[in-house]
Amino acid sequence: QHFFVLIDHVYSSGTYGELSVAAWLGKDIVCCLDGMKLHELPMWVIGCLDGATFVDTIDDGINYFLDVVGQPHIDNKK
């Protein structure tokens, strides 16, 4: 049901293609913009992210999914 996408400055048609399919299938999208701003993305990609949950780091994304399934969070502050 969920789809996690990490978008960075390495443009990959695979990432954008997977994002498009996830949006088309109605998946709940969780997005991490690694070093990018939303306005740097193509407009059609921004459209795919409508209603997405944005997280700041990959660990935040993992913890989001752990919340969804009711599991304890990871702690990488060791």
Side-chain angles (χ1 to χ4, degrees):
Q1 181 61 22
H2 289 81
F3 177 78
F4 180 79
V5 61
L6 172 69
I7 300 177
D8 56 19
H9 285 288
V10 180
Y11 292 101
S12 167
S13 59
T15 299
Y16 289 166
E18 292 165 354
L19 176 59
S20 298
V21 170
W24 183 71
L25 292 173
K27 300 288 184 183
D28 294 323
I29 297 171
V30 179
C31 179
C32 179
L33 298 176
D34 187 20
M36 292 189 71
K37 303 290 184 204
L38 196 58
H39 71 270
E40 296 177 290
L41 299 175
M43 289 303 292
W44 67 271
V45 171
I46 293 171
C48 290
L49 294 171
D50 183 41
T53 300
F54 288 87
V55 294
D56 294 324
T57 66
I58 293 174
D59 286 344
D60 290 344
I62 293 169
N63 284 329
Y64 174 85
F65 287 119
L66 291 172
D67 280 344
V68 168
V69 297
Q71 296 295 314
H73 284 199
I74 60 169
D75 181 15
N76 287 333
K77 295 179 176 70
K78 296 178 183 174

query = Could you state the interatomic distance from CH2 (Trp44) to CG (Leu49), rounded to the nearest 0.5 Å?
reply = 10.0 Å
request  = Keeping the roles fixed (side chain from Glu40, backbone from Lys37), state whether a donor-acceptor pair exists under 3.5 Å.
outcome  = yes
ask   = Is there a donor-acceptor pair closer than 3.5 Å between any side-chain N or O of His9 and the backbone N or O of Gly35?
value = yes
query = Got Glu18 and Val5 here, is their nearest side-chain heavy-atom distance under 4.5 Å?
reply = no
query = Between CZ of Phe65 and OG1 of Thr53, what distance do you get to the nearest 0.5 Å?
reply = 8.5 Å
query = Do the side chains of Ile29 and Met36 join up, straight or via other hydrophobic residues, at under 4.5 Å, putting them in one cluster?
reply = yes
Gap between atom CZ of Phe54 and atom CG of Leu33 - 0.5 Å precision = 5.5 Å
request  = Measure the spacing between CD1 of Ile7 and SG of Cys31 and express it to the nearest 0.5 Å.
outcome  = 4.0 Å
query = What distance do Phe3 atom CZ and Leu25 atom CG have between them, rounded to the nearest 0.5 Å?
reply = 10.0 Å
key: Distance-only side-chain donor-acceptor flag, Asp59 / His73, under 3.5 Å   = no
message = Could you report the tightest heavy-atom contact between Ile58 and Leu6, atom names first, then the distance?
response = CD1-CD2, 4.0 Å
key: side chain to side chain contact (heavy atoms under 4.5 Å, CB included) partners for Ile46, two or more places apart   = Leu38, Leu41, Met43
ask   = How long is the span from the SG atom in Cys48 to the OH atom in Tyr16, to the nearest 0.5 Å?
value = 10.5 Å
